[in-house]
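Notes follow once the structure below has been shown.
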Amino acid sequence: MRVSRAAMPEVAIIETDAVQDERGAFARLVCVEALAAAGLPFRPVQISRSCNRRAGTLRGMHLQRAPHGETKLVQALRGRAFDVALDLRPGPGFGRWCAVELRPGRAVMIPKGFAHGFLTLEDETELLYATDHPWTPGAEAGVRWDDPAFAIGWPEPPRALSPRDAAHPLRDGSAAPAA
Ligand SMILES: Cc1cn([C@H]2C[C@H](O)[C@@H](COP(=O)(O)OP(=O)(O)O[C@H]3O[C@H](C)C(=O)[C@H](O)[C@H]3O)O2)c(=O)[nH]c1=O
């Protein structure tokens, strides 16, 4: 397992190699001990799978409000995704974002207080999430993927977006940007 830091040092990139043989491959997806040894203490309590039929599917930007914040370890089981972490913690870093391209073997660890979202880059992209806090529907919050206040540099506009994600409020309360 190799750990590096994304453009924002709070966001870690974890890369692992699958062991290949004539039958196929074997890969460890989460290792609490190795993460702790790398300075990334993490105790997952839920593991979820996100299946996305088409390239251009955008989910986000989501987070859970305190005290239900989640640290998320997100990785691609299949396909590729442009994965974004957006710092929404009060303070000098508010509004900073960074992106990591996820593919099998590359995971990103996104701390509490950051909104998370992704845009799939291939059809049939599947992501696995491990989170250290249970899903708490009443604590869910979201910001718009295209909010000019954050100006996230998505590679292309989404082709699939949930009504909920289309309806998150803009930070300054202005009208929605032109479609
Ligand atoms: C997150 C979650 C959802 N659900 C149910 C709720 C809905 O009936 C259905 C789809 O939920 P939602 O549309 O919120 O799923 P996503 O848009 O993929 O949300 C996720 O995508 C962004 C990018 C994230 O970072 C979060 O992990 C999460 O918010 O699954 C559950 O039953 N358990 C869960 O943990």
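One-based numbering, in listed order, for ligands and for the atoms of each. In what follows, every heavy atom counts, from backbone to side chain, and hydrogens, waters and symmetry copies are set aside. Sequence positions, counted from 1, serve as the residue numbers for this chain.
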In the complex you have, is [atom] within reach of the protein, judged by whether a heavy-atom distance drops under 4.0 Å?
atom                    : value
atom 11 (O) of ligand 1 : no
atom 30 (O) of ligand 1 : no
atom 8 (O) of ligand 1  : no
atom 24 (C) of ligand 1 : yes

Original post:
Hey, does the side chain of Thr71 reach the backbone of Pro111 with a donor-acceptor pair shorter than 3.5 angstrom?
Top reply: no
Original post:
Do the rings of Phe82 and Trp97 sit parallel, tilted or perpendicular, given the 30° and 60° boundaries?
Top reply: tilted
**OP:** Check each of Met61, His62, Arg59 against atom 28 (C) of ligand 1 and report the one with the nearest heavy atom.
**Re:** His62
Subject >> Qualifying residue, where the test is side-chain contact (heavy atoms from CB on, under 4.5 Å) with Met61 and the options are Ile152, Asp147, Asp146, Leu88 >> reply: Ile152
Taking distance alone, with N or O pairs closer than 3.5 Å, would you say [X] contacts ligand 1?
X      : result
Ser50  : no
His116 : yes
Lys72  : yes
Gln46  : no

Original post:
What protein heavy atom sits nearest atom 32 (O) of ligand 1, and how far away is it?
Top reply: Trp135 CZ3, 3.3 Å
Original post:
So which protein heavy atom does atom 27 (O) of ligand 1 come closest to, and at what separation?
Top reply: Tyr129 CE2, 3.2 Å
Closest non-hydrogen atom pair, [X] against [Y]:
X      : Y      : value
Met8   : Phe114 : CE-CE2, 3.4 Å
Arg28  : Thr16  : O-OG1, 3.9 Å
Tyr129 : Ser50  : CE1-CB, 3.7 Å

**OP:** Calculate, to the nearest 0.5 Å, the distance between atoms CG and CZ belonging to Leu121 and Arg80 respectively.
**Re:** 5.0 Å
Original post:
Quick one: side chain to side chain contact (heavy atoms under 4.5 Å, CB included) partners of Ala166, sequence neighbours excluded?
Top reply: Leu161
Subject >> Proximity flag Arg164 to ligand 1, non-hydrogen atoms under 4.0 Å >> reply: yes
